[in-house]
Protein chains: 2
Amino acid sequence: MSDLLERLRERGWRMTSQRRVVAEVLDGEHVHLTADEVHARAAARLPEISRATVYNALGELVSLGEVIEVSTDGRAKRYDPNAHHPHQHLVCSSCGTVRDVHPTGNPLADLPATERFGFTVAAVEVTYRGLCPSCA
Amino acid sequence: MSDLLERLRERGWRMTSQRRVVAEVLDGEHVHLTADEVHARAAARLPEISRATVYNALGELVSLGEVIEVSTDGRAKRYDPNAHHPHQHLVCSSCGTVRDVHPTGNPLADLPATERFGFTVAAVEVTYRGLCPSCA
DNA sequence: TTCTTGACTTGGACTCTGTCCATTGTAGGA
DNA sequence: TCCTACAATGGACAGAGTCCAAGTCAAGAA
């Protein structure tokens, strides 16, 4: 499952051991890690990797469109590697768990022109909130 | 337009000069202020008010359901006093302006049971992103 | 009105998340 | 192999928010 690494190399992303480890941490795992969690997992394999490097790499992966930045709680941003499959998020208000979900319908179509106030609307994020089975 | 003050008093919210000023700043203005902006406006009327007090008051207004906390950019949270009229937000990706909008449809109904994974879904937030007329 | 008391406010220290920058290191092409 | 532009480092810094001990005060009781 190293499609991500492959794509990055093809796109000319200069590959360093640090960047490889960050990409590997995100690839495969379908969880939503914070930058610090990514750093912790990366450091498990490459102990001397710095926080700044992890932030740089994450920022570039986001710019490249390979990873999505999700801020579900106003605290640390989370990084979602599932960028190539449109989806929304379901968040547990108690423990913060995030799941990818696929609602029906198209929320963009639900915003009539009269409610756009001249904005060029490019994207829509939907966050469902509730309690997960363990917290309920 | 001091419905808010009235409601708070009725609900037994102990009224201090600091809390009154914070509530007054939010009441009436249909903008989406950050905590620091609320503090600045409150301090214009009550110079010695502290940041901690503003944070406390805002947190309580949110708990009471009188104000909604909105985190549109992963930076400072914004406080939306329009809590009694269901609405969503339209955010300018360039300047950060936030507008209240009223999409048609019910996004909660768009999440089928099979996509809820046992969660008790209580709320849904929709954020439209794009460029406002000035930034486009 | 004055007293009393529990709730509120203060301000400074602290935490967490993220950014910046000068220095050092290195991937990958010539 | 050598160069060099680009990347990594780590420590300082900044913004947003929380915590806490000490002082203050709103509002009910007498």
Side-chain angles (χ1 to χ4, degrees), chain A residues 5-6 8-26 32-64 66-80 96 98, chain B residues 5-6 8-25 32-43 45-64 66-80 96 98:
Chain A
L5 276 291
E6 206 54 45
L8 291 170
R9 213 183 295 271
E10 278 168 14
R11 296 178 68 175
W13 201 50
R14 184 165 165 179
M15 192 57 69
T16 65
S17 55
Q18 292 84 350
R19 288 177 166 198
R20 181 179 300 107
V21 168
V22 169
E24 282 172 356
V25 164
L26 289 171
H32 302 74
L33 302 173
T34 63
D36 256 13
E37 288 165 350
V38 172
H39 178 242
R41 297 193 185 200
R45 305 192 208 172
L46 193 65
E48 65 280 15
I49 193 171
S50 77
R51 280 190 338 124
T53 297
V54 171
Y55 276 104
N56 288 341
L58 289 172
E60 280 159 28
L61 291 172
V62 170
S63 298
L64 289 168
E66 293 289 350
V67 166
I68 293 171
E69 217 171 51
V70 184
S71 42
T72 54
D73 62 350
R75 306 196 51 89
K77 289 176 189 158
R78 293 178 175 274
Y79 293 87
D80 181 348
V98 180
Chain B
L5 276 290
E6 207 53 47
L8 291 170
R9 213 183 297 271
E10 278 169 14
R11 297 178 68 174
W13 201 50
R14 185 166 165 179
M15 194 55 70
T16 65
S17 54
Q18 292 85 351
R19 288 176 167 197
R20 181 179 300 107
V21 169
V22 169
E24 283 171 357
V25 165
H32 302 75
L33 302 173
T34 62
D36 258 11
E37 288 165 349
V38 172
H39 179 241
R41 296 192 184 202
R45 305 192 207 174
L46 193 64
E48 66 280 17
I49 194 171
S50 76
R51 282 191 338 123
T53 298
V54 171
Y55 276 105
N56 287 342
L58 289 172
E60 279 159 29
L61 291 173
V62 170
S63 298
L64 289 167
E66 293 289 351
V67 166
I68 293 172
E69 216 172 50
V70 184
S71 42
T72 54
D73 62 351
R75 305 196 51 88
K77 289 174 189 159
R78 293 178 175 275
Y79 294 87
D80 181 348
V98 180

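Just so we're on the same page: letters track the sequence lines, and every chain starts at 1. Since we're looking at a predicted model, the values are computed, not measured.
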task: May I have the step-by-step check of side-chain contact (heavy atoms from CB on, under 4.5 Å) for B:Leu5 and B:Met15, ending in yes or no?
output: CA-CA 9 Å; B:Leu5 276 290; B:Met15 194 55 70; 3.9 Å; yes
- line: Residues B:Glu24 and B:Arg45: closest non-hydrogen pair is OE1-NH1, 3.0 Å
- request: Assign each of A:Thr34 and A:Asn56 to its nearest nucleotide of DNA chain C by heavy atoms, then name whichever residue's nucleotide is nearer the 5' end.
  value: A:Thr34
- request: From the options B:Leu33, B:Thr34, B:Val38, select the one residue that forms a side-chain contact (heavy atoms from CB on, under 4.5 Å) with B:Asp36.
  value: B:Thr34
query: Any idea which heavy atoms bring A:Val22 and A:Ala57 closest together, and the distance?
result: CG1-CB, 4.0 Å
Please list, pair by pair, any protein nitrogen or oxygen found under 3.5 Å from a nitrogen or oxygen in nucleotides 27-30 of chain C.
from	atom 1	to	atom 2	distance (Å)
C:dA27	O4'	A:Arg14	NE	3.4
C:dA27	O4'	A:Arg14	NH2	3.4
C:dA27	O3'	A:Met15	O	3.3
C:dA27	N3	A:Arg14	NH2	3.3
C:dG28	OP1	A:Met15	N	3.2

field: Nearest-angstrom distance from the residue atom CG of A:Asp73 to P of D:dA16
entry: 16 Å
query: Under 4.5 Å between any side-chain heavy atoms of B:Arg20 and B:Leu8, yes or no?
result: no
Taking only nitrogen or oxygen atoms into account, show me every contact under 3.5 Å that the protein makes with nucleotides 13-17 of chain C, one pair per line with its distance.
none

- line: In short, A:Leu46 meets A:Gln18 closest at the heavy-atom pair CD2-CA, 3.7 Å
message: Without decimals, in angstroms, what is the distance between B:Glu37 CD and D:dA16 P?
response: 9 Å
statement: Between CZ of B:Arg20 and P of D:dC25 the distance, given in whole Å, is 14 Å
Atom-pair distance (CZ on A:Arg19; C1' on D:dT9), nearest Å: 14 Å
message: Which heavy atom of A:Val25 sits nearest to which heavy atom of A:Ala42, and what is that distance?
response: CG2-N, 3.9 Å
- prompt: Taking OP1 and OP2 of D:dT9, is either one under 4.0 Å from a side-chain nitrogen or oxygen of A:Gln18?
  reply: yes
Whole-Å distance separating the CD1 atom of A:Ile49 from the C1' atom of C:dG25: 14 Å
message: Using whole Å, what does the distance between atom P of nucleotide C:dT19 and atom NE2 of A:His39 come to?
response: 15 Å
Test item: A:His39 side-chain N/O and A:Ile49 main-chain N/O as donor-acceptor pair under 3.5 Å: yes
- line: A:Lys77 and B:Asp73 have their tightest heavy-atom pair at CE-O, 4.5 Å
Could you go through nucleotides 28-30 of chain D and list every protein N or O atom that sits under 3.5 Å from one of its N or O atoms, giving the distance for each pair?
none

field: First encountered from the 5' end of DNA chain D, between B:Ala35 and A:Ala52
entry: A:Ala52
- prompt: Does the B:Arg11 side chain pair with the main chain of B:Leu64, one donor and one acceptor, at a distance under 3.5 Å?
  reply: yes
- prompt: Hey, are the side chains of A:Tyr79 and A:Glu69 touching, using non-hydrogen atoms and a 4.5 Å cut-off?
  reply: yes
